[in-house]
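Side chains included, hydrogens not; waters and symmetry mates left out as well; all remaining heavy atoms used. Letters go in sequence order (proteins before strands), and every chain restarts at 1. Fair warning: this is a prediction, and the values are worked out from it, not measured in the lab.
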There are 2 protein chains.
Amino acid sequence: MDADAVIDHDAPTPVYAQLAAILRARIERGDWQPGRRIMSEAQLVQAYGLARETTRKAVRVLIEDGTLFTVPGRGTFVAEPSETSP
Amino acid sequence: MDADAVIDHDAPTPVYAQLAAILRARIERGDWQPGRRIMSEAQLVQAYGLARETTRKAVRVLIEDGTLFTVPGRGTFVAEPSETSP
DNA sequence: ATAGATTTGTTCGTATGTATA
DNA sequence: GTATACATACGAACAAATCTA
């Protein structure tokens, strides 16, 4: 999926999965480097016009596959490549 | 069968098969494009005045021949032509 | 040291849609 | 025709951790 792709609410793919793919593409493209903080949940909501729980679910997908990790009160960060694909 | 055909409860053809033919005609006519969502089950029930299980059976016919596919929580979608007739 | 702002974590509720009995 | 279950999506509210002024 393209990094600048737009959310399609009528597509078969769930919105949260679309956003997860977009974020993954932006990370692979280098928009956010390993160890760096990505947009906050509020910024994701604003940028993609989604509900907070939907953006959180997208982030959770990337957390579960080792791409991102969160720090309460700090933000959401890009994991080191070694942690993603050893 | 015509896309605007009406269900005939007294015809030899089962009602679910009539509806399946109607939906197939509407798809072939372009009412719903590949990858797009068709009416929900509730809308089909409302539009054609049938029981829910009858509309589900009609949809199942088109799923089994590769015309449609469903995504829980999302809806029923038109398959890509390549998936229908390779 | 305190207050406020920011950010993630959690818990409700509502609505829609398919799956199953 | 009803009921239950599960998945998706949106909305609101509050708590906890962190940072800044």
Side-chain angles (χ1 to χ4, degrees), chain A residues 1 5-24 26-27 31-80 83-84, chain B residues 7 9 14-16 18-20 22-24 26-27 31-80 83-84:
Chain A
M1 166 130 12
V6 155
I7 300 295
D8 181 358
H9 287 264
D10 297 323
T13 305
V15 172
Y16 75 87
Q18 294 181 48
L19 178 56
I22 290 173
L23 295 180
R24 190 192 312 280
R26 294 191 62 172
I27 291 167
D31 281 12
W32 299 296
Q33 295 295 323
R36 297 283 90 188
R37 199 175 73 85
I38 72 169
M39 293 190 289
S40 70
E41 292 175 355
Q43 288 172 326
L44 286 173
V45 166
Q46 167 76 18
Y48 292 95
L50 304 176
R52 188 184 168 204
E53 279 310 307
T54 305
T55 71
R56 282 178 58 80
K57 190 159 187 178
V59 167
R60 199 179 315 131
V61 168
L62 298 185
I63 290 174
E64 284 167 359
D65 75 5
T67 303
L68 296 175
F69 65 94
T70 58
V71 180
R74 289 281 297 153
T76 303
F77 301 82
V78 180
E80 299 296 328
E83 306 175 23
T84 305
Chain B
I7 300 294
H9 288 264
V15 170
Y16 77 87
Q18 293 182 48
L19 178 56
I22 290 173
L23 295 180
R24 189 192 313 281
R26 293 191 62 172
I27 292 167
D31 281 12
W32 300 297
Q33 295 294 324
R36 296 286 89 186
R37 200 174 72 82
I38 73 169
M39 294 190 289
S40 69
E41 293 177 354
Q43 287 173 325
L44 285 173
V45 167
Q46 168 76 19
Y48 292 96
L50 305 174
R52 187 176 171 208
E53 279 311 307
T54 305
T55 70
R56 282 177 59 79
K57 191 161 183 178
V59 167
R60 200 179 314 131
V61 168
L62 299 185
I63 289 174
E64 284 167 358
D65 76 4
T67 302
L68 297 175
F69 65 98
T70 59
V71 181
R74 293 288 296 162
T76 302
F77 300 83
V78 180
E80 300 295 331
E83 307 174 23
T84 306

Taking N or O atoms only and anything under 3.5 Å, show me the protein contacts with nucleotides 6-8 of chain C, one pair per line.
unit_1, atom_1, unit_2, atom_2, d
C:dT8, OP1, A:Thr76, N, 3.3
C:dT8, OP1, A:Thr76, OG1, 3.2
C:dT8, OP2, A:Glu41, N, 2.8

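- Put simply, A:Tyr16 has no side-chain N or O that comes within less than 4.0 Å of OP1 or OP2 on D:dA9.
- The interatomic distance linking A:Arg60 (CZ) with D:dT8 (P) rounds to 10 Å, in whole Å.
- Between A:Tyr48 atom OH and D:dA9 atom P the separation is 16 Å, expressed in whole Å.
- Dashed line: the shortest gap from a side-chain N or O of A:His9 to OP1 or OP2 of D:dC10 is under 4.0 Å.
- The CZ atom of A:Arg60 lies 9.5 Å from the OH atom of A:Tyr16; values are rounded to the nearest 0.5 Å.
- Under 4.0 angstrom from either OP1 or OP2 of D:dT8 there lies at least one side-chain N or O belonging to A:Lys57.
- A 4.5 Å side-chain heavy-atom check between A:Leu50 and A:Leu44 finds every atom pair outside the cut-off.
- The residues A:Asp31 and A:Arg36 are annotated as not salt-bridged, no charged nitrogen and carboxylate oxygen being separated by less than 4.0 angstrom.
- The environment of CD in B:Gln43 is crowded: more than 12 heavy-atom neighbours from other residues, nucleotides or ligands sit within 6.0 Å.
- Applying the side chain to side chain contact (heavy atoms under 4.5 Å, CB included) criterion to B:Ile63, with sequence neighbours excluded, gives B:Val59, B:Leu68, B:Thr70.
- Look at CG on B:Leu44: it is 12 Å from C1' on C:dT18, rounded to the nearest Å.
- When both distances must be under 3.5 Å, the Watson-Crick or G-U wobble mate of D:dA16 is C:dT7.
- Residues B:Thr67 and B:Arg24 are in side-chain contact: their nearest non-hydrogen atoms beyond the backbone lie under 4.5 Å apart.
- A straight line from CD of B:Glu53 to P of C:dA19 spans 11 Å, rounded to a whole angstrom.
- We find that CD1 of A:Ile7 is positioned 14 Å from C1' of D:dC10, with the value rounded to whole Å.
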